[in-house]
Amino acid sequence: MSRPAPSPIYTLRGAGGPLNTLHFSCHGRDTPLLFSGSGKGAIHMWNLNSRRAQKIVEGHSGSSVIWVSTLQATDTLISQGRDMQVCLWDLSEGRSALMDSVWTGSVGFCQPSMLETSPGTRLLAFAGQQTEEPDSGPGPLLLAGYEDGSLLLWDVTQRSKLSQAKAHPEPVMCLTFDTNCLRGISGSSEKKLSPWMLDRQNNLQLQECVTLVNPGVSQLCIRGDGKLLASAGWDHRVRVFGWKKLRPLAVLQYHTDMVLSVAFSDHQDPRQRLLAAGSKDQRISLWSIYNEGGDTS
C-alpha cells in the first residue's frame, strides 16, 4: 500500500506554458536554482529562496523547449528546442548571451544526453540527421529508446550496436539509468514501467514490469542517492517508488493536467532535497519527501 500522500511545500507559477523539462542547480551555490523549459519557448531560472523567476531566457523563437541542463561548476546553460537548435548560453554576471548553437535537423521530442568524459570535456548526444565521428580510443556507451518500443545500447566510438531489447509495444517515451548498479527503467503510453539491467557482457536483460493504475508516463528520474524513483504521469499524478525493489511509496496529487517532467534536486544537505514536477497546467510543484533515514526500499 502507498503511504499517505504529502502536499507540495510550495508551487511556482508564471511559466506561461506547459513545463516540458526541469533541471536543478543547487550543489555548491549560495542561491539554489531550478531551471524550467516551457512549451512557449521560455527558459525560467527560478530562485528557490525567493520562489520567483530570477531570469527568463527567450531563446528558441517561441518554439517549445524540451530540455535544459547546466555545465558543472560553470554559469553555462544548454537548451534544446523544437526549432531544431541546441543552444549554449552564458549566464555569468547577469548575462544571458547565446554563445553557440547546433542545428539538429530533428523536430521530435527526444531529449539529449550529456556526459562529462574528463574535466572540461563533454560529450553531447542528440537525435538528428547527421552523425559525427568521436575521438578514437575507449569510448562511452549510449542507451537510446526508439519509436518501435526497443532499447538499444551503442558503443559510441565504434558506432556499433552492443545489445537490443524490446521493452514496450509502443514508442519509448522516457528512460533513466543508474550507472552505479547498471540498471535502468523506461516508460511508454501503456500502463506499465519496464525495468532492465546490463549484464557483464553489456547485454540488456528485461526484468519484471511494474503495473501502473493509469496509462502514460512522460518522464522518469532516479534520485542521486539511488533510493527513489519518480514518474511523471499522464493521469496528472507523480508516483514515487523505492528504486531498489520498485515498491510504490506515494502518489502525489496536485496538478490538473498531464505531468510532463520530474527532477530531484542536487542539494548537498539531504534534508534540503526536493522533488519538482512540471505540468501541462503551467505550474511547478515542489515536494519534500523521504529524506535520509526513511524506509525507501
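Please read these numbers as outputs of a predicted model, since none were measured by experiment. Sequential numbering from 1 along the given sequence is applied to the chain's residues.
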Would you call R273 and D225 a salt bridge, using N to O less than 4.0 angstrom? yes
Tell me which pairs pass salt bridge (charged side-chain N to carboxylate O under 4.0 Å, His left out) where either residue lies in residues 87-100, with sequence neighbours left out. D90-R95, E93-R95
Qualifying residues under side-chain contact (heavy atoms from CB on, under 4.5 Å), relative to [X], sequence neighbours excluded:
X	value
A165	L204, L206
P18	N20, L260, K280
I9	L274, L286, S288
T179	F177

With [X] via side-chain hydrogen bond (donor to acceptor under 3.5 Å, both in side chains) - residues at least two apart:
X	answer
Q282	none
N180	none
R183	Q207
N203	D199

Once salt bridge (Lys or Arg N to Asp or Glu O under 4.0 Å) is applied, do any residues pair with D281, and if so which ones, sequence neighbours excluded? R283
Is the count of non-hydrogen atoms from other residues, nucleotides or ligands lying under 6.0 Å from K192 atom NZ greater than 12? yes
Less than 3.5 Å apart, which donor and acceptor atoms pair up between the side chains of residues 210-218 and the rest of the protein, not counting sequence neighbours?
from, atom 1, to, atom 2, distance (Å)
N214, ND2, D235, OD2, 2.9
S218, OG, W234, NE1, 3.1
S218, OG, V259, O, 3.0

Co-members of I56 in a cluster of I, L, V, M, F, W and Y side chains, linked at under 4.5 Å: none
In terms of hydrophobic clusters joined by side-chain contacts under 4.5 Å, are V57 and W46 together? no
